[in-house]
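Everything on this sheet refers to the single structure shown next.
Note on naming: letters A, B, ... go to the chains in the order of the sequence lines (proteins, then strands), and numbering restarts at 1 for each one. Below, each value reflects all heavy atoms present in this structure, side chains not excepted, and no hydrogens, waters or symmetry copies.
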Protein chains: 2
Amino acid sequence: MNIKEDISLPESATEDRALTIRDALRNAIVDRRLTPGTKLTESEVGALFDVSRTVARAGLQMLSFEGLVRLERNRGAFVSNPTPEEARQVFASRRLIEPGVVMSALERLDADKIALLRRQLEEESRYLNERGPTARRAEIKASGDFHLLLASMAGNAILEKFMEELIARSSLVIALYGRSGISSCGHNEHMAVLAALEAGDGERARDLMLHHIDHIEADLDLQVRDVTRLKDALDLA
Amino acid sequence: MNIKEDISLPESATEDRALTIRDALRNAIVDRRLTPGTKLTESEVGALFDVSRTVARAGLQMLSFEGLVRLERNRGAFVSNPTPEEARQVFASRRLIEPGVVMSALERLDADKIALLRRQLEEESRYLNERGPTARRAEIKASGDFHLLLASMAGNAILEKFMEELIARSSLVIALYGRSGISSCGHNEHMAVLAALEAGDGERARDLMLHHIDHIEADLDLQVRDVTRLKDALDLA
DNA sequence: CCCATCAAGATTGCATACAATTTAGCCACG
DNA sequence: CGTGGCTAAATTGTATGCAATCTTGATGGG
């Protein structure tokens with residue numbers, strides 16, 4: 001298990017430690033330090049974060065609600081191993097929700113928010129030009145963060161929560177079924193969306209976003225490959 | 001606390017008892033045996049279901065992920081008290097998602113499913129004609145179940161989960177801000193949606209559903225009433 | 001050599017114990 | 001009569017213990 005790498009959030013606060021665990025594990029899953037199928041043993045997670053199994057368990061339960069972790073009774077927690085069908089559902093959901101997010105965000109857009117979005121895109125392109133696995137991870141994270149930032153601007157906490165789940169699950173799906181590395185064209189598409197938003201052209205922004213989602217999904221190899229997946233299901237990890 | 005009324009699910013099974021608790025409490029919240037603001041003490045919930053606090057706590061945590069329960073650190077769990085703003089977000093989300101649900105369900109519709117939907121509407125109308133609080137609760141439940149049944153037919157487990165959350169939260173919102181009792185016109189509108197679906201007219205079904213959602217929201221009184229809500233926030237039930 | 005069986009070890013599900021925090025009641029005081 | 005503060009009771013946050021279940025690995029038979 002290789003989560004320890006970056007995980008050392010000393011921000012103690014009297015806050016909920018289960019939340020800290022959830023966030024750290026989610027980050028690890030999203031940027032692929034934890035790969036689908038990995039077993040997440042309660043005592044191991046607890047030891048990593050220096051808490052009891054009780055707290056670790058609560059964090060894992062949270063992740064299972066987001067679909068990032070699969071809880072099997074008497075067997076434990078595993079990083080989710082989404083099927084091709086689940087992958088399709090993730091993207092179908094995004095096609096339904098993200099256009100609405102774009103339109104809502106546009107209504108509430110102002111100079112500050114545009115600046116934030118632009119900064120996010122700069123971050124994206126920075127990592128795009130770097131080499132090495134750390135940069136790759138940061139790139140993946142940044143790419144999803146653009147969508148999340150946009151979602152946070154739609155002024156709807158519920159949709160934002162849904163988007164958080166969908167983006168995280170997308171990352172998992174791409175990790176499993178992605179053909180190329182992350183599409184560098186994704187960055188260009190993000191820029192195009194932002195340009196349309198700045199121009200106040202909601203229709204175009206919405207269409208660009210839809211095409212962007214289509215492109216991401218088109219990059220997946222969702223063949224049935226049942227044999228492989230079945231083996232994974234039994235072997236896990 | 002008045003949950004005990006109906007709650008006695010002897011279906012033991014070796015299943016997860018936290019799930020049982022979640023479902024029972026959710027039902028109680030949705031059909032208003034538990035009103036917003038009510039404190040849900042861990043030991044009390046545990047005693048009701050004959051489990052330890054550990055399990056009760058897990059059930060409450062699940063409900064908090066669905067937005068039905070608010071968890072306050074060191075203070076406990078309370079039935080959610082959604083603000084008018086949250087209420088608006090619930091319906092904005094539904095307006096975004098349910099049209100997609102309708103269209104997807106239409107694609108996969110067959111005679112069996114139509115029969116199920118029809119039976120659901122019959123259930124609705126039956127309770128509509130009965131008197132008494134029990135019938136009222138059943139009516140509320142049945143009304144939401146129509147939407148959930150439709151969602152289950154869309155063939156997308158993620159959207160279905162989202163809808164479950166949205167419908168439950170809608171019920172909470174209506175309990176708080178509803179002007180009339182449940183709109184009996186809701187039933188007619190459900191019938192109209194089904195008719196359009198049977199006719200294969202997705203556009204019309206989608207528009208009818210949107211209007212239906214608009215009507216539900218229009219029946220709410222989302223004035224600021226800050227005083228009341230503030231008092232509630234401090235007093236809580 | 002492969003596979004079934006079974007015991008030992010590991011892990012989970014759950015209850016319980018205890019400290020930390022909050023709430024409630026009470027009394028004194030203004 | 002209202003108010004502030006203090007103590008006791010109630011409640012939550014978390015760790016830990018034990019039984020039930022699963023996993024692993026060794027052993028023996030086919």
Just N and O in the side chain of Lys39(B): are any of them under 4.0 Å from OP1 or OP2 of dT12(D)? yes

Ionic contact status for Glu122(A) with Arg119(A), cut-off 4.0 Å: no

Consider the side chain of Val51(A), meaning its heavy atoms from C-beta on, and name the nucleotide among dT11(C), dA15(D), dA15(C) that approaches it most closely. dA15(D)

Interatomic distance where CG belongs to Asp16(B) and C1' belongs to dG13(C) [whole Å]: 9 Å

Nearest to the side chain of Glu42(B) - dT14(D), dG13(D), dT12(C)? dG13(D)

Proximal nucleotide (of dA15(D), dG13(D), dT16(D)) relative to the Arg53(A) side chain: dT16(D)

Between Arg57(B) and dG13(D), does any side-chain N or O lie under 4.0 Å from OP1 or OP2? yes

Select base, sugar-phosphate, or nothing to describe what Arg17(A) touches, counting heavy atoms under 4.0 Å on all strands. sugar-phosphate

Parallel, tilted or perpendicular: which describes the rings of His190(B) and His147(B), with under 30° parallel and over 60° perpendicular? perpendicular

Quick one, Ile158(B) with Lys161(B), criterion side chain to side chain contact (heavy atoms under 4.5 Å, CB included). Give me CA distance, side-chain angles, the key distance, then yes/no. CA-CA 5 Å; Ile158(B) 300 173; Lys161(B) 192 186 79 169; 5.8 Å; no

Any Lys/Arg nitrogen of Arg94(A) or Glu217(A) sitting under 4.0 Å from an Asp/Glu carboxylate oxygen of the other? no

Could one point to a donor on the side chain of Ser43(B) or the base of dT12(D) with an acceptor on the other under 3.5 Å away? no

Spacing between Asn74(B) atom CG and dG13(D) atom C1', to the nearest angstrom: 7 Å

Taking for each residue the nucleotide of DNA chain C bearing the nearest heavy atom, is the 5' side occupied by Gly76(A) or by Thr54(A)? Gly76(A)

Does OP1 or OP2 of dT14(D) have a side-chain N or O of Arg73(B) closer than 4.0 Å? yes

